[in-house]
Amino acid sequence: MLDAEFFRRWMAGAAAAVDREADRLTELDSAIGDADHGSNLRRGFAAVQDTLEKEAPQTPGAVLTLAGRQLISTVGGASGPLYGTLLRRTGKALGDSPSVDREQLAAALKAGTEAVSRLGGAAAGDKTMLDALLPAADALGESFDAAARAADAGALATVPLLARKGRASYLGERSIGHQDPGATSSALLFSALAEAAE
Ligand code: ADP
Ligand code: MG
């Protein structure tokens with residue numbers, strides 16, 4: 001079973017991965033965006049770490065809703081409200097039980113990704129974070145490793161896509177041939193989840 005401690009470990013791992021990969025995320029965003037995705041997420045997840053340490057939420061749902069709220073209030077770019085909504089909605093779906101299992105988390109993440117899709121108006125194939133999040137949430141029904149692999153594959157599969165949402169969509173055809181920064185950071189999130197589960 002996955003308890004609050006597990007979810008705090010996941011968020012700490014995500015913060016560390018984002019910090020480690022911030023330059024790469026910003027580089028990807030400089031090709032088809034405005035070169036701030038790495039710094040946006042680094043700031044956001046550092047704030048998440050701070051607030052989780054201070055408030056020490058005691059249920060899985062409370063960890064994710066607090067993390068989501070913090071991302072929304074600290075990240076200015078599109079990704080802040082989108083990731084914030086993902087975590088908040090996922091946390092809400094987990095309710096207030098002291099521990100949950102992988103299947104429950106998979107179902108909650110599906111609700112979370114649907115909320116991201118509603119907020120941003122994007123669907124699979126639009127070259128956004130959803131191209132990693134949707135297959136990963138699906139594959140989590142199978143295993144943590146399958147989810148991480150699906151997120152990686154989803155991020156890689158954004159390369160040939162034409163961006164239909166967000167800043168990259170302003171480039172039209174010129175967005176083709178570049179990996180989406182948000183799908184790349186979503187893959188980091190699912191790698192951190194798989195690591196927390198080891
Ligand atoms: P901004 O685009 O405001 O500079 P970021 O650079 O932090 O914000 O994040 C960009 C990422 O956000 C994109 O790579 C994409 O994955 C994601 N994104 C942008 N718009 C949307 C949307 N409408 N739906 C889902 N994801 C989106
Ligand atoms: Mg940007």
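Both counts, for ligands and for their atoms, begin at 1 and track the order of listing. Along the sequence shown, residues carry numbers from 1.
Residue-and-atom listing of protein N/O/S atoms under 2.8 Å from the Mg ion (ligand 2), sorted by chain and number: D29 OD2, D34 OD1, D36 OD1.
The CG atom of L86 sits 8.5 Å away from the CG atom of L64 when rounded to the nearest 0.5 Å.
Hydrophobic cluster membership for Y170: none, as no Ile, Leu, Val, Met, Phe, Trp or Tyr side chain comes under 4.5 Å of it.
A salt bridge between R42 and D19 is present, with a side-chain N of the basic residue lying under 4.0 Å from a carboxylate O of the acidic one. Salt bridge E27/R24: absent, no basic N to carboxylate O contact under 4.0 Å. At a threshold of 4.0 Å, the pair R167-D29 does not count as salt-bridged, since none of the basic side-chain nitrogens sits closer than that to a carboxylate oxygen.
Taking the side-chain contact (heavy atoms from CB on, under 4.5 Å) definition, one finds that V75 meets it with N40, L71, S79, sequence neighbours left out.
Protein residues having a heavy atom under 4.0 Å from any atom of ligand 1 are D29, D34, D36, H37, N40, G77, A78, S79, L82, G120, A122, T128, M129, K165, G166, R167, D180, P181, G182, A183, listed by chain and number.
In summary, the side chains of T158 and Q179 do not present any donor paired with an acceptor at a separation below 3.5 Å, with no hydrogens or angles considered.
At least one side-chain heavy atom of L140 sits less than 4.5 Å from a side-chain heavy atom of L193.
Shown are P60, S99, S97; of these, the side-chain contact (heavy atoms from CB on, under 4.5 Å) with M1 is made only by S99.
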